[in-house]
Undergrad: 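Got a structure for you, questions after.
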Amino acid sequence: MTTVAPGAPGAPVTLRRQVELTIDGQAVTVPEGSTILEACRSIGTEVPTLCYLETLTPVNVCRVCVVEVEGSRTLVPACSRPVSGGMEVRTDSERVRTSRRMVLELLASSVDLSTAGGDVDRWIETYGARPERHGPPALSTERDRARAGEHEPVAVGTAATVSQAVKRDNDQYVRDYSKCILCYKCVEACGEEAQDTFAIAVAGRGFDARISTEMDVPLPDSACVYCGNCIAVCPTGALMFVTEHDLRARGEWDEGRQQVTRTVCPYCGVGCNLELHVQDDRIVKVTSPLDHDVTRGNLCVKGRFGFEFAEALDGGSR
Amino acid sequence: MDLRVTEAPASPAEREAVDSVLGPPESGWSGGARTPLDGHVAIGGLSRARDRRRLLLPALHALQDRVGWISSASLGYLCARLDVAPAEVYGVASAYALFRYEPGPPVVVHVCDDVACRAACGGDPTGPIAARFGPAGSALGRVDGRAAVTWQPSPCLGHCEHGSAALVQQAGERGGRATLAPFTADDLGHLVSLLTPERSGAPGAPDGSDGPDPMGGLLDLGSLPVPLALVPQVVAEDVGSAGGPGAPGWTEGPGPRLLRRVGRVDPTSLDAYRAAGGYGPLRRAIELGPTGVIAELKDAKLLGRGGAAFPTGAKWEAVARNPVRPHYFVANADESEPGTFKDRVFLDHDPYALVEALTIAGITTGAEQGFVYVRGEYPLGASRLEHAVGEARAKGFLGSDVMGSGLAFDLEIRRGAGAYIAGEETALFNSIEGRRPEPRNKPPFPVDRGLFDRPTGVNNVETLLAVLEVLRIGGLAYAAVGTSGSTGTRLFCLSGRVTRPGLYEVPMGATLGALLSMAGGVAGGRPLQAVLLGGAAGTFVGPEDLDLPLSFEGAREAGATLGSGVVVVLDDTVDVAGVLERVARFFRDESCGQCVPCRVGTQRQEEVLGRLVAGRPLESVDAELALLTDLDVVMRDASICGLGQTATSLVTSALRRGLVPGVVGNGVTRDKAAAARASGDGEREDGT
Ligand SMILES: Cc1cc2nc3c(=O)[nH]c(=O)nc-3n(C[C@H](O)[C@H](O)[C@H](O)COP(=O)(O)O)c2cc1C
Ligand code: SF4
Ligand code: SF4
Ligand code: SF4
Ligand code: FES
Ligand code: FES
């Protein structure tokens, strides 16, 4: 069976009606059904996003992408709201900037964003977020036992965070939920949207909401099949290959020294594309291109983690 | 899906509890004994199992009631029976406050420490309980060598007119819930002493898996006194004499309308209900047909009472006209707004009225299946409603031929499990469907894609009761009551420091002062400090606002909101800071956690308030106020739903009025807060 994503090369050409709108005063024409985000991108207007990913259904929960739409009482998420004719969108008003600044400030004051990437650092700077004004971080170590509807207030003068111990319960990847912004991407990737395994879900509620297996059992006791598709979508590095995690811990992780080689996974007939990230002759991470028609970034355990065997073989033949 | 479930077997009690909801297992795939045929049988069985996901919440209730907690073994059994992944079921269950995940004492007493009781008690109502029985979580009384009772604080239990309340949650063969109101430390002592003393057999297994039902029923919940509804039956003419005819927006009314039967007609007898005029409106609705009923609602200009003031006629019309089938209709009886108890009064004392009104909604909008989502903390209301539904069904008022009309309608009752957010209509749909009670993205709106993604109507209980009144007297006559912008009567829940707390019904537009006079004014004649209007998502108004007309437009003009009709009276002795801290804690606890502005913002609001009240601002009071203003802006503007959008409302309103000690009396900062909040507090709108 071959399915071709709409808009992908080779997709049948369907004529979609065009919709006209204005973005920051500039007239824009995009196909009907496009989101405000797509319209913004079509004219090169940057809209920050955190929980959005091209290959997943938007959950629109992070709210960093909000824009002002004339006639709407509240700001609207650009990542999920479809455009409509005559829409007047403002992406850089004071209102928009305030909300984006606060979203970034709330996240940065409660989550470790140190591996979230350069864009996030740049947005924090651009929007002038000052996470430190919420007070020095209160360090917690345990969040998995929190019960809905109850909590102990943090010490007066400190700011609650999601800090906790790194979960390292298998040889493939670590879960460092101190870095989790609760974007739901891993849950989507593990469930309906890609893997159909449902090993993880959001548990608890409010500030205690968290990604969890059932009753917080270790991954080896859960339904996880180590496809690593959750790692691939995680925007903050909360989910990370053990190799990368350990190299970073030793201060040896250096993307500048890494080469990325595209290859086809040798393990079965599907022919998934692999991107092997190699540092110092060692495969340190495996990804799969998001824009690939079939795999859309997803792999199985063999493609994602089988490189350890490949390496062993390599070593043997050398 | 690769379903992997825990190997540990569920105990007989756990299986029994699950089976009581799902029926006995049919094949090995659904957790029964495996037979060689299962591979074939399973295909049909699995898809049916997936359809049964809507039974997830009832099954979790059954486990909690029977065993007292949800073990990984019972979770595994439930998941196998429903073909839902354990992580997902845990995700759902852990979003509700009334479920537990570790064994504990079989009796848990949830003691209200929320705003209305706090105002009535002049402080934290759990203070005396903690002083006498130890802090929350303390083990009290022993049966079979094990702790039998514990207590914990609870958000508003919807019995605010009594000034104190507790929900008793008991696990075991006689498991269930009961409300006690009023409730004092003495009552807790009495409860502990009621424990059946003869139960002193061998201690049971700690996991509840065998032994002589270690979580066996301890209290005879049925024998506990049923709380009364305080419904001072003041006729509207009295309002006239108190508020003075001619007051802005004033209309003379003929006496209680919605409250007519409450306290006067046996709530357990369909015959009594019919003798008191019941089922006249349904007969009328059948005569009129859907178009006629919708026309009456439009003539009546009826607006929803659930918070958003959406026109009811337009909502019903949109569902009725939607070509997608089937349609559903839901009565929202999740009432969890602190200070609100109006819907409970009707569930407890006029349940047939809700059944009748929902039936009218169903046949008008083309829905054959209705749901009533009843707050989990309303055990009496749920059982009275269940009784009413059973009797109505038996006598042909529900079922395939409603009142001989040839139209079909039936309804199911769903119990909530301790989640304020489940009252938000789309979160409520998710809850019924067995998913996490998280609000959905709107659009699409419920009239297009609601419950099970089908066109769905949803109304508050009070709105539905008003529909009965519209059909009883006619839309135009209904519109003649109240003001031109807000027609009909409105229910107000009076509590706190007021002489006669209770549920009052007045024509829309009656003044706040008139309402307070009906209730005998501030208790003990003390000076009024402020009135908390609308609920935790509402605002404070002051002694200078007694002329405020209680109508949608009147409240809006004053930058206030009627919300769910909450009127908590605070005299000069009430510690407003304590009330605010409780409200901040409430939102922190009740946020679903989906979106950043609300998930982190409610946490930060609690922290800032804590610093201000403690007199320990981080940089300066001004910096803290600027921070609060920023939180207010992002939460209002960028949160997904009404919870986040209104969670700062009360705190900002208190600051604006200078009600916070440490900030109060400081004219400079108060003015700054006022200037920052110049945009005013809006009516709760969640886009319905
Ligand atoms: C956080 C939150 C909680 C809510 N809780 C309730 C509730 O307990 N009961 C209710 O009727 N409406 C509640 N609502 C409003 C509902 O979403 C919905 O607007 C209402 O049920 C529609 O009924 P109406 O048209 O009769 O007002 C809540 C809304 C929000 C945002
Ligand atoms: S590795 Fe795959 S199966 Fe395991 S949690 Fe991540 S997405 Fe789910
Ligand atoms: S672990 Fe990563 S992908 Fe999953 S919710 Fe957290 S930040 Fe998002
Ligand atoms: S505003 Fe709060 S309650 Fe509403 S969706 Fe966002 S986190 Fe959930
Ligand atoms: S990117 Fe739009 S809400 Fe997160
Ligand atoms: S019952 Fe206590 S505040 Fe409502």
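Chain naming here is simple, since letters A, B, ... match the order of the sequence lines and numbering starts at 1 in each.
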Undergrad: Counting only heavy atoms closer than 4.5 Å, note whether E150(A) contacts chain B via side chain, backbone, both or neither.
TA: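 Both parts, backbone and side chain.
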Undergrad: Quick one: which of R604(B), Q603(B), R611(B), Q594(B) has the most heavy-atom pairs under 4.5 Å with chain A, could you say?
TA: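 The answer is R604(B).
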Undergrad: Considering only heavy atoms, which portion of R100(A) lies under 4.5 Å from any heavy atom of chain B: side chain, backbone, both, or neither?
TA: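 Answer is neither: R100(A) stays 4.5 Å or more from chain B.
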Undergrad: Would you mind telling me which of V217(A), I211(A), L107(A), V187(A) has the largest number of heavy-atom pairs within less than 4.5 Å of chain B?
TA: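 Going by pairs under 4.5 Å, I would pick L107(A).
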Undergrad: Looking only at non-hydrogen atoms, find the nearest pair between V19(A) and E32(A) and report the distance.
TA: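 Heavy-atom minimum between the residues: CG2-CA, 3.6 Å.
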Undergrad: Donor-acceptor pair, distance only, cut-off 3.5 Å: does the side chain of R97(A) make one with the backbone of Y127(A)?
TA: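 Such a contact is absent between R97(A) side chain and Y127(A) backbone.
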Undergrad: Which bit of I200(A) is near chain B, if near means a heavy-atom gap under 4.5 Å: side chain, backbone, both or neither?
TA: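 For I200(A), backbone heavy atoms alone lie under 4.5 Å from chain B.
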Undergrad: Can you spot which of P58(A), C79(A), C65(A), P77(A) makes a side chain to side chain contact (heavy atoms under 4.5 Å, CB included) with L37(A)?
TA: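 Among the candidates, only C79(A) passes.
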Undergrad: Would you say Y226(A) and T197(A) make side-chain contact, with heavy atoms under 4.5 Å?
TA: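 Result no, sub-4.5 Å side-chain heavy-atom pair not found.
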Undergrad: Answer yes or no: is there a side-chain heavy-atom contact under 4.5 Å between V162(A) and F207(A)?
TA: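 With C-beta onward as the side chain, the pair touches.
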Undergrad: Who wins among D637(B), I640(B), T602(B), V600(B) for the most heavy-atom pairs under 4.5 Å with chain A?
TA: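 Ranked by contacts with chain A, first place is D637(B).
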Undergrad: Side chain from CB out, backbone as N, CA, C, O: work out which of these in S154(B) comes under 4.5 Å of a heavy atom of chain A, or both, or neither.
TA: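 Neither part.
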Undergrad: Between A209(A), A201(A), C190(A), A160(A), which has the largest tally of heavy atom pairs under 4.5 Å with chain B?
TA: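 Top option by heavy-atom pairs under 4.5 Å: A160(A).
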Undergrad: For each of V76(A), T158(A), V66(A), tally heavy-atom pairs with chain B at distances under 4.5 Å, and name the one with the top tally.
TA: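 Among the listed options, the one with the most contacts to chain B is T158(A).
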Undergrad: Quick check on I70(B) against chain A: is it the side chain, the backbone, both or neither that has a heavy atom closer than 4.5 Å?
TA: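 Its backbone and side chain both get close to chain A.
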Undergrad: If I compare all heavy atoms of L618(B) with all of G157(A), which pair ends up nearest, and what's the gap?
TA: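 Residues L618(B) and G157(A), closest heavy atoms: CD2-O, 3.8 Å.
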Undergrad: For the interface with chain A, which of E619(B), E102(B), E606(B) has the highest count of heavy-atom pairs at distances below 4.5 Å?
TA: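 So the answer, after comparing E619(B), E102(B), E606(B), is E606(B).
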Undergrad: Looking at W151(B) and A136(B), what are the two nearest heavy atoms and their distance?
TA: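 For W151(B) and A136(B), the tightest heavy-atom pair comes out as CZ2-N, 3.3 Å.
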Undergrad: Restricting to non-hydrogen atoms, name the atom on G601(B) and the atom on L106(A) that form the minimum distance, rounded to 0.1 Å.
TA: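 Shortest heavy-atom separation between G601(B) and L106(A) comes out as N-CD1, 4.1 Å.
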Undergrad: Considering only heavy atoms and a distance below 4.5 Å, find which of E607(B), M635(B), R616(B), R588(B) pairs most often with chain A.
TA: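 Most pairs with chain A among the choices: R588(B).
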Undergrad: Can you say whether A159(A) sits under 4.5 Å from chain B via the side chain, the backbone, both, or neither, judging by heavy atoms?
TA: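 For A159(A), heavy atoms of backbone and side chain both lie under 4.5 Å from chain B.
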Undergrad: Can you name the nearest heavy-atom pair linking S336(B) to F586(B), along with the distance?
TA: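 Smallest interatomic distance, heavy atoms only, reads O-CZ, 4.0 Å.
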Undergrad: Top residue by heavy-atom pair count (under 4.5 Å) with chain B, among T213(A), V64(A), L50(A), V59(A)?
TA: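 Between T213(A), V64(A), L50(A), V59(A), the count favours T213(A).
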Undergrad: Salt-bridge test for R90(A) and E70(A): reply yes if a basic N is under 4.0 Å from a carboxylate O, no otherwise.
TA: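 Between E70(A) and R90(A) there is a salt bridge, with a charged N closer than 4.0 Å to a carboxylate O.
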Undergrad: Please flag which part of S212(A) lies under 4.5 Å from any non-hydrogen atom of chain B: side chain, backbone, both or neither.
TA: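 Contact with chain B: backbone and side chain both.
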Undergrad: For R147(A), is it the side chain, the backbone, both, or neither that has a heavy atom closer than 4.5 Å to a heavy atom of chain B?
TA: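 For R147(A), the contact with chain B is made by the side chain alone.
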Undergrad: Search all heavy atoms of G204(A) against all heavy atoms of R210(A) and return the closest pair with its distance.
TA: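 Minimum heavy-atom separation between G204(A) and R210(A): CA-NH1, 3.8 Å.
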Undergrad: With a 4.5 angstrom heavy-atom cut-off, which part of A93(B) approaches chain A: side chain, backbone, both or neither?
TA: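 Contact with chain A: none, neither part.
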Undergrad: With heavy-atom distances below 4.5 Å as the criterion, would you say the side chains of T561(B) and T646(B) are in contact?
TA: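 No; the side chains remain at least 4.5 Å from each other.
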Undergrad: Can you tell which of R440(B), E624(B), E438(B) has the highest number of heavy-atom pairs within less than 4.5 Å of chain A?
TA: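 Among the listed options, the one with the most contacts to chain A is E438(B).
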Undergrad: Which bit of S80(A) comes within less than 4.5 Å of chain B, counting heavy atoms only: side chain, backbone, both or neither?
TA: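 Side chain of S80(A) only, per the 4.5 Å heavy-atom cut-off to chain B.
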Undergrad: With a 4.5 angstrom heavy-atom cut-off, could you sort out which part of V103(A) is near chain B: side chain, backbone, both or neither?
TA: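 Both parts, backbone and side chain.
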Undergrad: At a 4.5 Å cut-off on heavy atoms, which part of R599(B) comes close to chain A: side chain, backbone, both, or neither?
TA: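 The answer is both parts of R599(B).
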Undergrad: Has Y420(B) got a side-chain atom pairing as donor or acceptor with D589(B)'s backbone, closer than 3.5 angstrom?
TA: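 Absent.
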Undergrad: Name the option with the most non-hydrogen atom pairs under 4.5 Å to chain A; the candidates are G610(B), P597(B), G418(B), A623(B).
TA: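 Highest number of pairs under 4.5 Å: P597(B).
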Undergrad: Given that the side chain runs from C-beta out, which part of L98(B) has a heavy atom under 4.5 Å from chain A: side chain, backbone, both or neither?
TA: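 No part of it gets close to chain A.
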Undergrad: Would you say S591(B) and L643(B) make side-chain contact, with heavy atoms under 4.5 Å?
TA: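 In contact.
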